[in-house]
Amino acid sequence: MLLNLSHDLSKKQELISTHVGKPFELEERKKLDGTSLTEIPVTAASIDLYNLMVLNESQVFCSIEMRPNGVIISFKANTDLYSLVIPFYKLKIYKGRAQEYSFYKDHYFIKVWAGEENPQTHRFIRKIKNYQADSAHPRIEDML
């Protein structure tokens, strides 16, 4: 779900918490070695997101926050803050080119650049994928 967080944040915070959970406690954030990453350059996006991002005059950056049940990808469009809330069961992460990752949810997608100069971006996305796999429900094949 795509939300404009610039107006009436309190009701939207509750909605976000029901979909992806409340933010991690401080102890869990330390154990995970951080749960968010900022200033990630966006290279491409689905048409709905692109129409918002094109309002910016400069390059678009996003931030990714990991929650217990999903991720939140936030970006600015002109002066408004938008967040794409993605529960783990709908999240697909692909590594296209060598330094680019794609996050998909239904008809939304956003591609981010993780260059060689930013190894922390690669580590963080790997952390998300591992956490998603660890928190997934067991499959029938796993029980045999």
Side-chain angles (χ1 to χ4, degrees), residues 1-139 142:
M1 114 183 67
L2 182 64
L3 297 173
N4 182 344
L5 298 181
S6 299
H7 310 288
D8 196 21
L9 184 61
S10 60
K11 289 182 182 178
K12 292 176 183 170
Q13 286 292 75
E14 291 177 23
L15 184 63
I16 290 170
S17 293
T18 58
H19 280 85
V20 294
K22 294 188 182 285
F24 286 105
E25 299 289 328
L26 180 61
E27 197 172 293
E28 292 173 280
R29 280 186 271 169
K30 282 183 178 180
K31 188 163 65 167
L32 290 169
D33 193 26
T35 58
S36 65
L37 194 61
T38 59
E39 295 291 319
I40 307 167
V42 175
T43 58
S46 60
I47 192 69
D48 298 337
L49 302 177
Y50 178 78
N51 286 339
L52 295 170
M53 291 177 185
V54 79
L55 298 173
N56 293 333
E57 294 178 6
S58 61
Q59 183 177 6
V60 179
F61 293 93
C62 72
S63 64
I64 302 172
E65 179 186 353
M66 189 169 73
R67 295 276 182 105
N69 301 322
V71 297
I72 302 169
I73 301 175
S74 302
F75 61 92
K76 284 198 174 211
N78 209 0
T79 58
D80 292 336
L81 177 67
Y82 287 89
S83 289
L84 182 61
V85 180
I86 310 174
F88 279 141
Y89 69 91
K90 292 216 175 202
L91 175 65
K92 303 284 186 248
I93 301 175
Y94 298 107
K95 186 171 184 181
R97 293 185 278 174
Q99 307 299 327
E100 187 177 65
Y101 291 93
S102 304
F103 293 84
Y104 284 86
K105 179 205 183 234
D106 298 336
H107 66 281
Y108 294 113
F109 76 86
I110 188 165
K111 294 183 180 187
V112 298
W113 181 255
E116 292 177 359
E117 65 279 355
N118 294 328
Q120 69 270 17
T121 305
H122 293 283
R123 283 194 302 271
F124 184 74
I125 293 173
R126 197 173 316 121
K127 183 191 317 182
I128 291 172
K129 291 175 81 169
N130 291 338
Y131 193 85
Q132 179 184 14
D134 291 344
S135 65
H137 295 294
R139 299 183 330 197
D142 296 337

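All of these numbers come straight from a predicted model, not from anything done at the bench.
Aromatic ring centres of Y94 and Y104: separated by under 6.0 Å.
For NZ of K76, the number of neighbouring non-hydrogen atoms (other residues, nucleotides, ligands) closer than 6.0 Å is 12 at most. Counting non-hydrogen atoms of neighbouring residues, nucleotides and ligands closer than 6.0 angstrom, the CD atom of E117 exceeds 12 such neighbours. Atom CD of E27 has 12 or fewer heavy atoms from other residues, nucleotides or ligands within 6.0 Å.
Rounded to the nearest 0.5 angstrom, Q120 CD and H122 NE2 are separated by 9.0 Å. Taking SG of C62 as the start and CH2 of W113 as the end, the distance is 14.5 Å to the nearest 0.5 Å. The OG atom of S46 sits 8.0 Å away from atom CD1 of I110, with the distance rounded to the nearest 0.5 Å. Once rounded to the nearest 0.5 Å, the distance linking CG of L52 with CG of N4 reads 8.5 Å. Rounding to the nearest 0.5 angstrom, the gap separating the CZ atom in R97 from the OG1 atom in T43 is 6.0 Å. Rounded to the nearest 0.5 Å, atoms OG (S36) and CE (M66) are 9.5 Å apart.
Heavy-atom minimum distance, F109 versus L49: O-CD1, 3.4 Å. Here the closest non-hydrogen pair linking M53 and V60 is O-CG2, 3.6 Å. Summarising the geometry of L37 relative to T121, their closest heavy-atom pair is CD2-CA, 3.6 Å, with the distance given to 0.1 Å. The two residues H7 and K12 have their closest heavy-atom pair at O-NZ, 3.2 Å. The two atoms that bring I125 and I93 nearest to each other are CG2-CG2, 4.0 Å, heavy atoms only. The minimum heavy-atom distance between Q132 and L91, with the atom names listed, is NE2-O, 3.1 Å.
When atom types are taken as modelled, the side chain of N78 and the backbone of D80 share no donor-acceptor pair closer than 3.5 angstrom. Of the possible donor and acceptor atoms, none in the side chain of K31 sits under 3.5 Å from a partner among the backbone N and O of L26. A donor-acceptor distance shorter than 3.5 angstrom exists from the side chain of K127 to the backbone of G34, with no hydrogens or angles considered. In this structure, the side chain of H19 does not engage the main chain of P87 through any donor-acceptor pair within 3.5 Å. Looking only at distances, no side-chain donor or acceptor of N118 sits under 3.5 Å from a matching main-chain atom of A114. Side chain of T35 to backbone of R29: no donor-acceptor contact under 3.5 angstrom is found.
By the 4.5 Å heavy-atom criterion applied to side chains, K105 and K92 are not counted as neighbours. Side-chain contact between Y82 and L5 is absent, with no heavy-atom pair separated by less than 4.5 Å. Contact of the F61 side chain with the I40 side chain is not registered, since no non-hydrogen atoms from C-beta on lie closer than 4.5 Å. In this structure the side chain of F75 never reaches within 4.5 angstrom of the side chain of V42, judged on heavy atoms. Between I73 and I86, the closest side-chain pair of non-hydrogen atoms falls below 4.5 Å. Between V20 and V71, the closest side-chain pair of non-hydrogen atoms is not below 4.5 Å.
Between the side chains of N56 and S58, no donor-acceptor pair of N or O atoms lies under 3.5 Å. A donor-acceptor contact under 3.5 angstrom links the side chains of S83 and S74, judged on distance only.
A tilted orientation is assigned to the rings of F88 and Y131, their planes being inclined by 30° to 60°.
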- prompt: When you look at I72 and I64, which way does the side-chain contact (heavy atoms from CB on, under 4.5 Å) test go after all the steps?
  reply: CA-CA 6 Å; I72 302 169; I64 302 172; over 6 Å; no
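Taking the charged nitrogens against the carboxylate oxygens, E65 and R67 do have a contact shorter than 4.0 Å, which makes a salt bridge.
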